[in-house]
Amino acid sequence: AKDRGRAHYRYFQEKMNLSFPNEALMESHLRRAIEKDELTIHFQPQVNLVTGEINSFEALLRWNNRKFGYVSPMQFIPLAEESGMIMQIGDWVLEEACKQLKYWQEKGYRPVRIAVNISPKQFKQENFAIKIREKINKYQITPSSLEVEITESAMTHLQDTLIMLRELKDIGIVISIDDFGTGYSSLSYLKKYPIDIIKIDQSFIKDMETDDKNAAIANTIIQLAHSLGMEVVAEGVEKDKQVEILKAAKCQKAQGYFFSRPVPIEAINESYMKTEK
Ligand code: C2E
Ligand code: CA
Ligand code: CA
Ligand code: CA
């Protein structure tokens with residue numbers, strides 16, 4: 001009953017800024033979003049805090065509906081998950097990311113990586129690794145240029161997670177844990193699973209310059225990642241003070257509005273790729 005109350009509250013909050021009059025209508029429009037070319041991907045750079053270099057981008061889905069305008073992924077991703085549409089949408093995002101990597105490779109641009117968000121449902125597909133392998137072969141891209149971001153809870157709630165992650169590692173792609181620290185799970189999976197990167201959830205970065213507890217948690221996650229030989233990325237970095245703290249803690253990479261918002265591919269090609277060719 002407690003859970004239901006919370007769900008209702010969240011649902012209510014979402015409704016408040018919904019541009020669609022109801023979810024059923026949103027769902028029917030989302031169903032046609034791919035064929036109508038309404039989906040795009042924005043890219044957010046991840047900055048190396050030591051060198052200042054940018055060698056990776058997170059792919060973030062954007063939906064601009066002709067009739068109702070821009071819809072946040074916070075609204076349509078949960079709907080896509082509930083309705084099962086996330087399979088098709090997630091597949092489209094992976095395909096687009098691979099196409100983009102292929103384009104850069106063909107143009108002779110310096111090697112960069114794209115991190116794609118994977119929904120729990122996608123990750124639970126038995127043939128998920130096969131699908132990834134097919135796309136990598138289809139576009140002939142370097143496997144390590146593709147990263148999959150999987151949330152802690154998606155990893156820990158699946159029985160065959162270890163098998164799946166090993167299959168993905170065999171392909172040679174990079175695996176990161178998204179929203180780390182928010183999953184209510186034990187830490188024991190960190191030693192079992194072949195994880196490359198931990199992404200510190202933005203809730204711990206927010207106010208870390210004034211909130212000692214958040215700073216302590218972020219610092220601890222950074223140390224933990226380092227002792228386990230994993231890379232660490234701080235998410236949601238908005239202030240220079242936060243950058244300072246993260247640098248002092250030897251966090252390798254950061255991502256957030258302080259450096260750049262997620263931007264359309266044209267902006268990436270202009271500012272990060274062309275200049276360094
Ligand atoms: P996420 O994976 O945790 O992505 C980070 C979110 O934080 C993004 O929101 C990003 O735009 C936002 N962000 C980045 N820097 C900052 C900052 O400095 N401050 C603040 N306040 N926010 C920042 P966005 O793009 O609205 O995406 C929301 C969520 O939707 C994502 O959270 C992810 O869970 C989901 N999502 C987005 N694209 C996809 C996708 O292609 N597939 C799946 N399955 N989920 C996606
Ligand atoms: Ca993410
Ligand atoms: Ca995240
Ligand atoms: Ca999140």
Side-chain angles (χ1 to χ4, degrees), residues 10 14 17 30 33-34 38-47 54 56-64 70-100 113-125 128 131-132 135 146-155 174-183 195-209 214 218 221 232-243 246 253-265 267-268:
R10 207 168 55 219
E14 280 168 6
N17 46 21
L30 186 57
I34 293 179
E38 292 179 345
L39 297 182
T40 51
I41 296 171
H42 280 193
F43 295 84
Q44 188 175 38
Q46 300 180 329
V47 180
I54 292 160
S56 48
F57 303 95
E58 179 175 359
L60 292 154
L61 197 53
R62 296 290 176 262
W63 178 27
N64 196 354
Y70 174 77
V71 191
S72 162
M74 309 274 252
Q75 295 176 335
F76 72 82
I77 293 285
L79 183 68
E81 300 218 358
E82 269 168 50
S83 61
M85 274 188 275
I86 194 66
M87 303 304 220
Q88 201 198 347
I89 292 172
D91 227 55
W92 181 85
V93 175
L94 274 166
E95 188 90 13
E96 290 299 304
C98 291
K99 263 187 215 168
Q100 193 54 53
R113 191 166 71 216
I114 295 179
V116 174
N117 289 286
I118 304 299
S119 100
K121 272 199 179 158
Q122 270 178 290
F123 182 61
K124 280 170 192 159
Q125 291 170 281
F128 180 62
K131 280 187 170 180
I132 297 267
K135 290 200 202 308
L146 184 67
E147 174 180 330
V148 287
E149 294 193 3
I150 302 161
T151 58
E152 205 176 351
S153 45
M155 275 190 199
V174 175
I175 298 171
S176 60
I177 309 181
D178 203 357
D179 302 344
F180 184 81
T182 61
I195 290 156
D196 302 295
I197 300 171
I198 289 179
K199 298 192 76 180
I200 309 173
D201 190 68
Q202 43 186 282
S203 60
F204 303 119
I205 306 300
K206 191 174 154 51
D207 302 331
M208 74 185 299
E209 71 286 357
N214 267 353
I221 296 174
V232 63
V233 179
E235 285 194 283
V237 177
E238 294 184 353
K239 299 171 183 159
D240 55 356
K241 264 280 194 189
Q242 296 164 350
V243 176
L246 292 165
K253 279 187 178 181
Q255 183 186 341
Y257 297 166
F258 177 78
F259 302 103
S260 169
R261 286 187 176 258
V263 291
I265 189 60
I268 297 290

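Just so you know, residue 1 is the first one in the sequence shown, and it goes up from there. The structure presented is a predicted model; accordingly, all values stated were derived computationally and were not measured. Just follow the structure's listing: the first ligand is 1, and inside any ligand the first atom is 1.
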J.: For the Ca ion (ligand 3), find the closest N/O/S atom on D178 and give its atom name.
T.: OD1

J.: Going by the rule salt bridge (charged side-chain N to carboxylate O under 4.0 Å, His left out), which residues pair with K199 if we only count those two or more places apart in sequence or in a different chain?
T.: E58, E149, E235

J.: Just jot down the ligand 1 atoms closer than 4.0 angstrom to any heavy atom of Q44, in number order.
T.: 14 (C), 15 (N)

J.: If you consider just the N/O/S atoms, which atom of E149 is the closest one to the Ca ion (ligand 2)?
T.: OE1

J.: Run down the list L60, I41, L39, I86 and name the one with the heavy atom closest to atom 37 (C) of ligand 1.
T.: L60

J.: Can you list the atoms of ligand 1 that are under 4.0 Å from a heavy atom of V93?
T.: 41 (O)

J.: Can Q255 be said to touch ligand 1, with heavy atoms closer than 4.0 Å?
T.: no

J.: May I have the step-by-step check of side-chain contact (heavy atoms from CB on, under 4.5 Å) for S203 and T182, ending in yes or no?
T.: CA-CA 9 Å; S203 60; T182 61; 4.2 Å; yes

J.: Testing the basics here: between P45 and F57, what is the closest heavy-atom pair and its distance to 0.1 Å?
T.: CA-CD2, 3.5 Å

J.: Quick check on contacts: which atoms of ligand 1 are under 4.0 angstrom from a heavy atom of S119?
T.: 44 (N)

J.: Suppose we only allow N, O or S atoms; which atom of D179 ends up nearest to the Ca ion (ligand 3)?
T.: OD1

J.: When you compare the side chain of W92 with that of E96, does any pair of heavy atoms fall below 4.5 Å?
T.: yes

J.: So, the side chain of E152 versus the backbone of G181: is there a donor-acceptor pair under 3.5 Å, distance only?
T.: yes

J.: Between the side chain of Q242 and the main-chain N/O of K206, is any donor-acceptor distance below 3.5 Å?
T.: no

J.: State the atoms of ligand 1, each with its element, that fall below the 4.0 Å cut-off from a heavy-atom position in E238.
T.: 17 (C), 18 (O), 19 (N), 20 (C), 21 (N)

J.: Closest by any non-hydrogen atom to atom 26 (O) of ligand 1: pick that one out of P73, P78, A97, A234.
T.: P73

J.: Do the side chains of E147 and R113 get close enough for a salt bridge, i.e. N-O under 4.0 angstrom?
T.: yes

J.: Considering all heavy atoms of both residues, which atom of E81 and which atom of S119 are nearest to each other, and what is their separation?
T.: OE2-CB, 3.2 Å

J.: Side chain or backbone, does D178 bring an N or O within less than 3.5 Å of an N or O on ligand 1?
T.: yes

J.: Quick one: which ligand 1 atoms are inside 4.0 Å of a heavy atom on M74?
T.: 28 (C)

J.: What atoms in ligand 1 come closer than 4.0 Å to a heavy atom of N117?
T.: 2 (O), 39 (C), 40 (C), 42 (N), 43 (C), 44 (N), 45 (N), 46 (C)

J.: Run the numbers for me: atoms of ligand 1, each under 4.0 Å from some heavy atom of E58, listed by number.
T.: 2 (O), 4 (O)

J.: Taking the N/O/S atoms of E58 one by one, which is nearest to the Ca ion (ligand 2)?
T.: OE2

J.: Taking G236's backbone N and O only, do any of them form a donor-acceptor pair with Q202's side chain (distance below 3.5 Å, no angle check)?
T.: no

J.: For ligand 1, which is the ligand I care about here, please tell me if Q202 has any N or O atom under 3.5 Å from one of the ligand's N or O atoms.
T.: yes

J.: For atom 11 (O) of ligand 1, which candidate among G90, P262, A254 provides the closest heavy atom?
T.: P262

J.: Applying side-chain contact (heavy atoms from CB on, under 4.5 Å) to V237 and V47, what does each step give before you reach the verdict?
T.: CA-CA 11 Å; V237 177; V47 180; over 6 Å; no

J.: Can you tell me if K199 contacts ligand 1 (heavy atom of the residue under 4.0 Å from the ligand)?
T.: no

J.: Report yes or no: does K253 contribute a side-chain atom to a donor-acceptor pair with the main-chain N or O of Q46 at less than 3.5 Å?
T.: no

J.: Would G236 count as a contact residue for ligand 1, given that I'm defining contact as a non-hydrogen atom of the residue lying under 4.0 Å from a ligand atom?
T.: yes

J.: Counting from 1, what ligand 1 atoms have a heavy atom of D179 closer than 4.0 Å?
T.: 3 (O)

J.: Would you say the side-chain atoms of N214 pair up with the backbone N or O of I205, donor to acceptor, closer than 3.5 Å?
T.: no

